[in-house]
Amino acid sequence: MSDRYEPRIVGFLCNWCSYAGADLAGTSRLKVPANLRVVRVPCSGRINPLFIFKALEEGADGVMVSGCHPGDCHYISGNRYAKRKLAVLRRLLDWVGIEPERIHFTWLSASEGARYAVEVAEFVDKVRALGRHNPMARQGVAS
Amino acid sequence: MADGMRLSRESLQAALRQRGALWAPNDAGHWSQVEALPELGPIRPRRPVKDLFTPPRREIARWKAGAGPAEIEPAQPDQTPGSVFGVRPCDARALLLLDRAFLQPSCVDPHYKARRENLLLIGVACQPGPNCYCGVFGFGPDDKDAVDVMLTPEAGGFVAQAGSPRGQAFLATVPAGAAVPLAAPRPGPQPEWWTGLPDPKALYANFDHPMWHELGISCMNCGVCTQYCPTCQCFTIDDESFKGEIQRLRIVDNCQRSDFTRMAGGHNPRQVAASRLRQRVLHKFSYIPTQNPGLLGCTGCGRCVDLCPLDRHLFADVFEIMKRINQEAERVA
Amino acid sequence: MNQSLRETVKRLFTEGKVKSVLGYREHPLSKAVVATLITRPEDADTLIFDDRCVQNLARALTRDLPLPVGIVVKGCDGCAVSMRITEGDFAREQIVAIAVACAGVRADGKTLDERCQRCEMHVSPLADVTVGDTSSLPKPEKTRAETIAKIKAMTPAERFAFWQKAFEPCTHCYACREVCPLCNCAVCVTDQNAPRWIEQTAKPSSNLMWHMIRAFHHAGRCVDCGECQRACPEGVPMHLLDLCLAEDVEELFDFKTGVKQGGKWPFLLFNPEDPDSWLGGPHRG
Amino acid sequence: MLRDPLLPLAARISERVDETADTVTFHFELLDEAERKAFRYLPGQFAEISAFGEGESTFVIAGDPAKPERLTVTTKRVGAHTEALHHLYAGAIIGFRGPYGKAFPVAEWKGKDIVIAGGGIGLAPLKPIVCHILNHRADYGKLTIVYGARSPGDLMYATDREIWAKAPNTELVVTVDKGDANWKGREGFVPAVLRAAAPSAQNAVAITCGPPIMIKLTLPVFKDLGFPAERIFTTLEMKMKCGLGQCGRCNIGPFYVCKDGPVFSVAQLQQLPQEF
């Protein structure tokens, strides 16, 4: 084990595309950083901003959100609604002084296992560069 | 008329520091530990002094998740000796009511008791503000009955008088200044239209009166009145946890919240806003005096009037309610 | 003003257009202006409107009022009522908006409220009847952009520190929620305990969570009535965060809350042309 | 040193019985030997049980008061806390505070017939009464128990009911709202079945507990059978939190349910505001 800082990242992946893409990365024996803890959601439109805030509060260093490409949504347009919400969420984080770069959005299809591996690796590097201190993270039970 | 004792600010501060830690209201009107005696505003601070005795968030115990029972660590009562400076008579009187709940012989709250025993209440007489109504309850802005020492500010210091044997003993430790004759206690203010406290029984008898619902429209049950009330004591018990560390907490709660009385199955006896408004008024002006003759659930501090976002006025409401009850009683007679 | 308001309300009753009216009255004892619900035309004589009418009565609109309900609305209040109709809380015909010409209110009785200084909406866009002189209403003294400029100018670290300090006195009393005309979730996230999204006690993390969620839920819905901040017993400037997001929503979605009847909340819509650039890269200089 | 009355005692679950799909009975004992030996409770008293990390809830102690070392609560899964409790099995540690509240006045009932009408999980507070009567069988007259549940799968305390059915001078009537293919017993709502069973009100006491609607419909039946309001008892399940008369939740009129109740006679309830 190297002693470099390994960020913990929560990934919200849509069931129909991105999660399948992550699966493909695995079955293709691609190397994907182990920093990502995946939460499978039915659709990127299901992601309530609360999930992301809560992940940051509980100490995640970054949050990755991934859904089907625009136009490919299993529920027709859930990802397009998600885009609007997430756009505002990014700005809200910026307004309260939390780096919006800690949130990474990407559209990823079931066939893009290789790109999944790259996206995760790049995001992990980016969060590592941002540093250990996610300002929203709680420090203890009473903080 | 007894004499008071003239104290300089410096000698009082030195004697209080000698005794231990010092608490006082800060600029935001919250109670915090201070090094020196602060300059106080003319009236009561924003937060009542109950915060020091029954804090909004009090730990009962903590433990590590998955740990055995031996690892339950009870919170230790704060036994720091010290004094609270700047207690107003309305807040001090409210503590007498909290004593009924937290010092009842069958279940003494050790945290409350430790604070009550260790903290000397140093009252400071106030210049009543526009919404101060201690006069309604028969005391005034320099009332010394519920504090240990009552100070009346004057240039460069205070005139002190003891309100309790404990206060008397403390005053004996301060380098004595000149004795000055005390002015007569000032009467407390009350609304010019106020005619007297309601009869608890009459209020209770009108539990089902439609006026509660009429009043309900001008109340949104935000509960600000209860949070800043010096006598409100309701709480809930819940756990908070973070990464396996769990705290059992006693958390301030209030009867205005819609889920205060909601039971696990969903049944809620106080479903509508008006019933919660009624609960607050009746608890303060009917239930408490019925349970504890001679005590009222209100000390006239007027914070609820000051802070109500909808500018409701507790005393005006109570007055109107009583007026209607009396009018109807007369009509029947 | 009061006279024509009272006559208007009486007429609405006699013409059978309303079964009840939400308005303002001066409390005979406390002299404070409080909300009142009248159900008889003769009670209209208690109604008033002046610069002490700070409350947004839209918060008191509930479906158990005798409908159709008349409601006395200032400009911002009217936007809130309009939003509630848009969101399906009420059918348009259940509400009779009594728009009053509002030159701004004075919560302290002296100076014009901060929220009113930037008001561009002195008369409700939703108006079934209009009362008062709408011709000579004041121009805004400052803009929203000016109000939030100081936040914009900060570095992220400064912003974080600013909000931490601003939210610190919050006690989770939720008066801001209760007073908000658009906080009408059946069960607020603060009251949910499985999971407990926002912890009950006040501390830095839970304060930030609450105010972020609050702001997010109001993005594109907040009508800038500023009631939240006025209601706050601790003076937390939470409305400033709403304003910041309102700026974004207008910029991103070209949407002005409550102004257009039937204008849908932008989160319930999408445009296939919505750019992906929203989701990455620096977006503000 | 003074013990914080809100501080729970640790208890270990000794047995878990899954009564129905959403109801679990836990038997447990206090870990501290001195506390365990000294512990006593009376029928109708309640306790605060906690799954650590999820808070506390109020449950009636539904065991045999003659065996106070073995404590029992029956819990229905309705919220976050009971959900957490239902994840616990024998051996797990829970928190316990109690006993609190006024008990059923069983001593005053000596020499009388007892009629019990329970619905669903409302049988839990009534079970200690039955245990007490069976323990002191000679002291009481005839015992009639009418117990109903929504469906055969919702009936609790199967083992206890077998004992009760065989007990001397005891009549146990079990009913379900709607039976299934295997159900050979009685069908019908508790109030109707009670009316048909028609226990005598002569020198008798009635006790009922169950969902609010059942209680509402059962009380008139008791009245028709000739029970005066002073001799009908129930327990109020007002949401209690502290059990000490401090937290203010269970305040009804000038009373606190946790201290002045939870057991009330119908005559007492008629004096209270109808806020429960």
Side-chain angles (χ1 to χ4, degrees), chain B residues 58 60-61 63 65-70 72 74-77 101-102 104 106-111 113-114 200 204 207-208 232-241 244 246 248 250 253-255 259-270 275 278-279 282-283 286-291, chain D residues 1-12 30-32 48 50-58 75-82 84 93-95 97 100 121 211-212 236-256 259-260 272-276:
Chain B
R58 147 140 111 76
I60 297 167
W63 57 86
I72 298 179
Q76 296 305 318
F102 296 119
Q104 50 180 313
S106 58
C107 52
V108 174
D109 174 353
H111 298 258
K113 182 163 180 269
Y204 190 34
F207 187 88
D208 292 316
C232 275
Q233 62 175 61
C234 292
F235 61 80
T236 182
I237 297 168
D238 209 345
D239 295 351
E240 286 187 355
S241 56
I246 300 168
R248 166 73 40 96
R250 196 188 75 181
D253 203 345
N254 70 71
C255 58
D259 62 353
F260 186 67
T261 50
R262 192 177 65 217
M263 294 167 207
H267 176 60
N268 189 354
R270 290 192 207 113
S275 63
R278 172 178 61 196
Q279 168 67 14
L282 288 186
H283 199 188
S286 174
Y287 305 160
I288 287 176
T290 308
Q291 285 161 334
Chain D
M1 208 183 81
L2 211 53
R3 191 187 159 84
D4 186 349
L6 300 177
L7 189 67
L9 290 167
R12 178 174 281 124
L30 298 176
L31 283 186
D32 186 282
E48 297 292 333
S50 41
F52 289 130
E54 292 291 343
E56 276 189 332
S57 326
T58 307
T75 66
K76 184 168 175 166
R77 192 172 63 240
V78 284
H81 180 240
T82 40
I93 304 292
I94 56 175
R97 295 195 287 122
Y100 298 124
I121 196 171
L236 283 194
E237 55 153 8
M238 192 88 173
K239 183 175 174 175
M240 293 179 270
K241 204 75 205 186
C242 72
L244 309 169
Q246 291 181 342
C247 80
R249 267 161 203 274
C250 63
N251 174 250
I252 303 186
F255 299 106
Y256 287 106
K259 287 177 72 187
D260 302 300
L272 287 179
Q274 299 304 297
E275 213 173 37
F276 43 80

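Throughout, protein chains are lettered first and strands after them, A, B, ... in sequence-line order, and every chain is numbered starting at 1.
For D:A84, no part sits under 4.5 Å from any heavy atom of chain B, backbone or side chain. Residue B:R262 touches chain D through its backbone alone, counting heavy-atom pairs closer than 4.5 Å. Residue B:D253 touches chain D through its side chain alone, counting heavy-atom pairs closer than 4.5 Å. Neither the backbone nor the side chain of B:E240 has a heavy atom closer than 4.5 Å to any heavy atom of chain D. Looking at B:T290, only its side chain comes within 4.5 Å of chain D, counting heavy atoms on both sides. Proximity to chain D is limited to the side chain of B:P77, based on heavy atoms less than 4.5 angstrom apart. Contact of D:E54 with chain B is made through the backbone alone, with heavy-atom distances under 4.5 Å. In this structure, chain D has no heavy atom under 4.5 Å from any part of B:S286. Heavy atoms closer than 4.5 Å to chain D are found in both the backbone and the side chain of B:C107. Residue B:L282: no heavy atom, backbone or side chain, is found under 4.5 Å from chain D.
Checked for salt-bridge contact, B:R58 and D:D4 meet the test: a charged N lies under 4.0 Å from a carboxylate O.
For B:Y204, the ring pair (Phe, Tyr, Trp, His ring centres under 6.0 Å) criterion is met by B:Y287, not counting sequence neighbours. Residues that satisfy the side-chain contact (heavy atoms from CB on, under 4.5 Å) test with B:C234, not counting sequence neighbours, are B:F260.
For the pair D:Q274 (side chain) and D:L272 (backbone), a donor-acceptor distance under 3.5 Å is present. With D:R249 contributing its side chain and D:C242 its backbone, the two residues share no donor-acceptor pair below 3.5 Å. Judged purely by atom type and a 3.5 angstrom limit, D:N251 uses its side chain to pair as donor or acceptor with the backbone of D:F255. The backbone N or O of D:L244 lies less than 3.5 Å from a partner atom in the side chain of B:Q104, making a donor-acceptor pair. With hydrogens and angles disregarded, a donor-acceptor distance shorter than 3.5 Å links the side chain of D:K241 to the backbone of D:E56.
For the options B:S241, B:A101, B:P269, heavy-atom pairs under 4.5 Å to chain D are most numerous at B:P269. Chain D forms more heavy-atom pairs under 4.5 Å with one residue of B:I246, B:T236, B:D208, B:V108 than with any other, namely B:T236. The most heavy-atom pairs under 4.5 Å with chain D, out of B:Q233, B:H111, B:R248, come from B:R248.
For the pair B:R278 and B:F207, the cation-pi criterion (under 6.0 Å, within 45° of the ring axis) is fulfilled.
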